[in-house]
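Everything numeric here is computed off the predicted structure, so don't read it as measured data. Indexing begins at 1, ligand by ligand and atom by atom, following the structure's order.
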Amino acid sequence: MKILVTGGLGFIGSHTCVELLENGHEVVVVDNLNNSKKDVLDKIKKITGSDKIKLYVEDVKNIKALDNIFKENNIECVIHFAGYKAVGESVKNPIMYYENNIVSTINLLNVMKKYNVKKIIFSSTATVYGEPKSCPVSENFSTGNTTNPYATTKYMIERILDDLYKSDNEWSIAILRYFNPIGAHKSGLIGENPNGIPNNLMPYILKVAAGELPKLNIFGNDYNTHDGTGVRDYIHVVDLAKGHVKAIEKISSENGVKVYNLGTGIGYSVLDIVNTFIEKNKVELPYEITDRRPGDVDEVFSNPTKAKNELGWEAKLSIDDMCVDSWNFKKNNI
Ligand code: UFG
């Protein structure tokens, strides 16, 4: 199948392109390089040995560019990753988030409609659940009580996709709610390496381990968890990427809006991650316990059984793999 991947050079996008190519799909990437680098394309080709991937350096907000991509390629399905994703930044600049994430999606859906392409996988997030009432979190838990504009954009897009299907039952839509993706491809060629000071745990750990930042701040050790630090459902990005290949099979066989959690179902604390990282990689990782980060909750982990039952997908890689592969990528890219 010929698949358009928006944001295909980003962290999750690039790993998904690898899995798509390895499963015989053809890939067209549209990416504005806002949070990615052009050389990722060569790395994807190197890993897969495939050149069935083409890049357009364009912004998904640019409807003319999108139209041209659909005109030039026989796109059959879209995976929509492109979007801003920093929680703190979205609180400071909500208009920028609503404009970028919502306008790009509306443009994309309009062009898809024009070219009669009605299969889409949307990259959503566990933060659409807000502060979940209990764990594990299932797909039927209430959504929308979001705590920041970034999460609200994801929630709004989920609603738009729902309404779209209600208006036209020929659409086939999968909404994938990611938990906490970390890790990197085994090759060490692609991974997550944000510029500046990272917000998320693993990119921060990598910069501390590499000596680029002095120490990790662990945001609170008085949470109601086994060691007091926050618990999350970390998932290896390669497992996550494979979930997209399964979702394509699903939406190719039936119409509708399907929602799946992509997580492992296991919660690890910040200290579990830190200690595993130190032990498996034999590196030093200075840290300090600091105040809680506003908005953080005790624990969030998924119930992943719907994806297992309906997609035949489950996460296979362990916390050890996540820590070792993350560090392997960082070491190769210092
Ligand atoms: N943490 C630290 N120190 C840091 C960074 C994080 O102690 O420097 C802790 C947090 O307090 C939390 C855990 O590590 O307990 C994970 O924090 P992340 O920022 O890595 O991830 P979040 O769970 O807060 O949020 C992430 C993404 C969102 C996504 C969400 C899905 O940032 O985009 O997971 O649940 F939507």
Side-chain angles (χ1 to χ4, degrees), residues 7 10-12 35 81 83-91 97 101 122-132 135-137 139 141 143 145-155 157-158 175-183 192 194 196-209 212-235 237 240 260-277 285-304 319 322-323 326:
F11 175 45
I12 305 174
N35 193 23
F81 291 107
Y84 293 156
K85 60 167 192 172
V87 172
E89 187 181 53
S90 78
V91 174
Y97 268 67
N101 292 4
F122 175 59
S123 173
S124 191
T125 163
T127 51
V128 298
Y129 296 113
E131 189 171 341
C135 280
V137 181
E139 290 83 351
F141 277 31
T143 55
N145 198 11
T146 46
T147 54
N148 59 76
Y150 155 70
T152 311
T153 65
K154 293 289 181 181
Y155 170 70
I157 295 166
E158 289 198 3
I175 291 170
L176 304 181
R177 295 182 180 149
Y178 312 146
F179 282 70
N180 290 57
I182 59 170
E192 187 176 26
I197 298 181
N199 300 301
N200 299 116
L201 181 63
M202 185 54 83
Y204 206 106
I205 287 177
L206 295 177
K207 291 212 171 185
V208 175
E212 294 167 21
L213 289 169
K215 63 175 169 49
L216 171 72
N217 299 308
I218 296 184
F219 299 140
N221 65 351
D222 56 353
Y223 284 103
N224 186 18
T225 62
H226 63 273
D227 60 22
T229 63
V231 164
R232 297 289 182 275
D233 186 339
Y234 296 94
I235 173 167
V237 65
L240 193 73
Y260 299 105
N261 284 340
L262 295 187
T264 64
I266 304 167
Y268 287 111
S269 72
V270 178
L271 278 174
D272 290 334
I273 298 284
V274 166
N275 291 330
T276 308
F277 192 93
L285 193 67
Y287 65 82
E288 187 184 0
I289 308 290
T290 61
D291 288 345
R292 288 180 174 207
R293 181 172 66 177
D296 276 352
V297 299
D298 299 83
E299 58 174 13
V300 183
F301 58 91
S302 69
N303 174 354
I319 180 176
M322 297 181 217
C323 290
S326 293

Looking at every non-hydrogen atom in both residues, tell me the closest pair between L285 and V274 and how far apart they are.
CD2-CG1, 3.8 Å
Taking only heavy atoms of Y150, which atoms of ligand 1 are found under 4.0 Å from at least one of them?
33 (O), 36 (F)
Does ligand 1 have any atom that is closer than 4.0 Å to a heavy atom of D296?
yes
Just which atoms of ligand 1 are under 4.0 Å from any heavy atom in F179?
31 (C)
For R232, is at least one N or O under 3.5 Å away from an N or O on ligand 1?
yes
Student check: side-chain heavy atoms of V231 and H226 closer than 4.5 Å:
yes
T153 and N101 side chains, donor-acceptor separation under 3.5 Å
yes
Against heavy atoms of N199, which atoms of ligand 1 measure under 4.0 Å?
5 (C), 19 (O)
Between N148 and A151 (side chain of the first, backbone of the second, donor and acceptor by atom type, cut-off under 3.5 Å), is there such a pair?
yes
Give the residue and atom name of whichever protein heavy atom lies nearest to atom 30 (C) of ligand 1, and the separation in Å to one decimal.
T127 CG2, 3.5 Å
Yes or no: does F301 have any heavy atom under 4.0 Å from an atom of ligand 1?
no
Suppose I only count heavy atoms of I218 and a 4.0 Å limit; which atoms of ligand 1 are within that range?
7 (O)
How far is atom 24 (O) of ligand 1 from its nearest protein heavy atom, and which residue and atom is that?
R293 NH2, 2.9 Å
Looking only at protein heavy atoms, which one is nearest to atom 4 (C) of ligand 1, and what is the separation?
F219 CE1, 3.2 Å
Hey, is the main chain of G130 close enough, under 3.5 Å, to the side chain of N145 for a donor-acceptor pair?
no
Contact between T143 and Y129 at the side-chain level, heavy atoms closer than 4.5 Å - yes or no?
yes
Calculate, to the nearest 0.5 Å, the distance between atoms OH and CZ belonging to Y178 and F81 respectively.
4.0 Å
Ring pair (Phe, Tyr, Trp, His ring centres under 6.0 Å) between Y234 and Y268: does it pass, once the steps are laid out?
CA-CA 7 Å; Y234 296 94; Y268 287 111; 7.5 Å; no
In terms of atom number and element, which parts of ligand 1 are under 4.0 angstrom from non-hydrogen atoms of A126?
31 (C), 35 (O)
Evaluate the side-chain proximity of R177 to V137: yes if any heavy-atom separation is below 4.5 Å, no if none is.
no
Shortest non-hydrogen separation from S302 to D233 and the atoms involved:
OG-OD2, 2.6 Å
Cut-off 3.5 Å, side chains only: do Y97 and E89 have a donor facing an acceptor?
yes
Can you name the atoms of ligand 1, numbered from 1 with element, that are less than 4.0 Å from a heavy atom of T125?
29 (C), 31 (C), 36 (F)
Heavy-atom nearest neighbour in the protein, as seen from atom 3 (N) of ligand 1, with distance rounded to 0.1 Å:
N217 O, 2.7 Å
Donor-acceptor contact present, side-chain E192 to main-chain I182, <3.5 Å:
no
Tell me which protein heavy atom sits closest to atom 20 (O) of ligand 1, plus the residue, atom name and distance to 0.1 Å.
L201 N, 2.8 Å
Could you tell me which atoms of ligand 1, counted from 1 in the order shown, lie closer than 4.0 angstrom to a heavy atom of Y234?
13 (C), 14 (O), 16 (C)
Considering distance alone, does some N or O of N200 sit under 3.5 Å from an N or O of ligand 1?
yes
Protein heavy atom at shortest distance from atom 34 (O) of ligand 1
N180 ND2, 3.4 Å
Of all the non-hydrogen atoms in the protein, which one sits nearest to atom 14 (O) of ligand 1, and at what distance?
V270 CG2, 3.5 Å
Using a strict cut-off of 4.0 Å, indicate which atoms of ligand 1 neighbour a heavy atom of G230.
15 (O)
